[in-house]
Amino acid sequence: MKVRVAVNGFGTIGKRVADAIARQPDMTLVGVTKTRPSFEAGRAREKGYPLFVAGSADVAEFEKAGLPVAGTLADLLGRVDLVVDAAPDKVGKENRRLYEAAGVKAIFQGGEKADVAEVSFNALGNFAAARGKRFVRVVSCNTTGLARAASVLRPAWGIGRWDATLVRRASDPAESKKGPINGILPTFHLPSHHGPDVRTIFPDLPIATTAVVVPTTLMHVHVNHVRLERAPADVAEVLAAFRRTPRFHLFAPWERVDGTPQVMEYARDRGIGFNDMMENVIWEDGVRLDDRDLYFFQAIHQESIVVPENIDAIRAMLDLAPDAATSIARTDRALGLAPA
Ligand code: NAD
């Protein structure tokens, strides 16, 4: 029997998670919510996703736009086993009381504080910790990228110290009211909040992060220096470890992927999801080893990297897979990230 799932908040993350749920063989997307009519509400209708209203939405506005509404968020919550909250930062916390009242399990996103849920989640990092839980938070895009890399490096060679500088995109492509459009903005909170956020997955990971915001909408890039506890034989051994781990995509020098523009052009060419890049992107040329000192860049597509993680969180919470590897393989096959 398929589990019944709703998505509350149908924006950048919500619409991607909804599509991903609809593709899973063990899940049914019962409905999505909108707070007002928009092209995205129209797309939900075109895709056949029942549309419910949330927040202070005015049903008459939807009717005027020719968008039939199947009910309210409360109606939707009455029909599902679990809701994925993809509302804007901090709204998830307010929504939690609605989920409590309805008695449904809920997944929150990385814009919420860790205490919104019982556990913070990353599929490679701590799948088992979410098993059977009622409230889980999928960590942010940057934290997901760092947690995935930690899941590769730590078991293989141990991590003595990790310094990462996050070069952050200014806004998502559709956000026309955010900047900067010219300038590099240092984040004066030193070290940045991302290190402690990674420790919600790996409590004892010795990582310190700093961040700058730059005028781009495509991706984030992490500049990493990791002092490993044991030296890998060579760079090839490190690359092989990334390559055999799901949700890592390596680009070879011959592919001529100079930076994030070519990565996202590749994603458009490949056509997965919303032309997304859900994997951590590693440039083979961008990995260097000096004894135990590992240097590497990774690029993170902020709009999509958490999408497969939400799917695995659903499986962990509803006990649909025996372990992380099984769930990740099932998710990635359904999304087209792994061969069918
Ligand atoms: P978004 O603004 O693109 O989408 C949020 C959607 O929720 C909008 O459609 C909005 O109309 C709707 N909404 C507003 N109030 C609501 C309410 N009360 N109930 C239900 N829906 C409501 O935001 P987003 O970028 O998708 O972010 C959602 C969450 O995902 C945030 O916690 C964010 O931090 C996190 N996140 C975002 C990114 C990213 O780069 N966009 C990456 C990782 C995690």
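Atom set for the values below is all heavy atoms of this structure, side chains included, hydrogens, waters and symmetry mates excluded. Treat the numbers as computed from the prediction; the structure is a model and nothing was measured. Atoms within a ligand are numbered from 1 in the order they appear, just like the ligands themselves.
Counting only heavy atoms of the protein, atom 39 (C) of ligand 1 lies nearest to Asp172 OD2, 3.4 Å. Nearest non-hydrogen protein atom to atom 22 (C) of ligand 1 is Thr35 CG2, 3.6 Å.
Residue-ligand proximity, Ala54 to ligand 1, at heavy-atom distances under 4.0 Å covers atoms 19 (N), 20 (C).
Taking only nitrogen or oxygen atoms, main chain and side chain alike, Glu112 does not reach within less than 3.5 Å of ligand 1. Residue Asp89 has at least one N or O atom closer than 3.5 Å to an N or O atom of ligand 1. At least one N or O atom of Arg169, backbone or side chain, sits closer than 3.5 Å to an N or O atom of ligand 1. Checking only distances, Thr12 does come within under 3.5 Å of ligand 1, N or O to N or O. Considering backbone and side-chain N/O atoms, Ile13 comes within less than 3.5 Å of an N/O atom of ligand 1. Taking only nitrogen or oxygen atoms, main chain and side chain alike, Gln109 does not reach within less than 3.5 Å of ligand 1. Between Val91 and ligand 1, not a single N/O pair is under 3.5 Å apart.
Nearest to atom 7 (O) of ligand 1 by heavy atom, out of Ala41, Pro88, Ala57, is Pro88. Taking only non-hydrogen atoms, the option from Lys15, Lys34, Arg16 nearest to atom 9 (O) of ligand 1 is Lys34.
Salt bridge annotation for Glu279-Arg270: present, with a cationic side-chain nitrogen under 4.0 angstrom from a carboxylate oxygen. Between Arg161 and Asp163 a salt bridge is recorded (basic side-chain N to carboxylate O distance below 4.0 Å). A salt bridge links Asp204 with Arg154: the closest approach of a Lys/Arg side-chain nitrogen to an acidic carboxylate oxygen falls below 4.0 angstrom.
Looking at Phe10 against ligand 1, only its backbone comes within 4.0 Å, counting heavy atoms.
Once rounded to the nearest 0.5 Å, the distance linking OG1 of Thr35 with CG of Asp58 reads 11.5 Å. To the nearest 0.5 Å, the span separating CG on Leu318 from CZ on Arg4 amounts to 10.5 Å. Interatomic distance, Ile300 CD1 to Met219 CE, rounded to the nearest 0.5 Å: 7.0 Å.
Judged as a salt bridge (Lys or Arg N to Asp or Glu O under 4.0 Å), and not counting sequence neighbours, the contacts of Glu303 are Arg16.
Aromatic ring orientation, Phe135 versus Phe108: tilted (interplanar angle from 30° to 60°).
Applying the ring-ring contact (aromatic ring centres under 6.0 Å, His included) test to pairs two or more places apart or on separate chains, those with a residue in residues 202-246 are His225-Tyr295, Phe242-Phe248, Phe242-Phe296.
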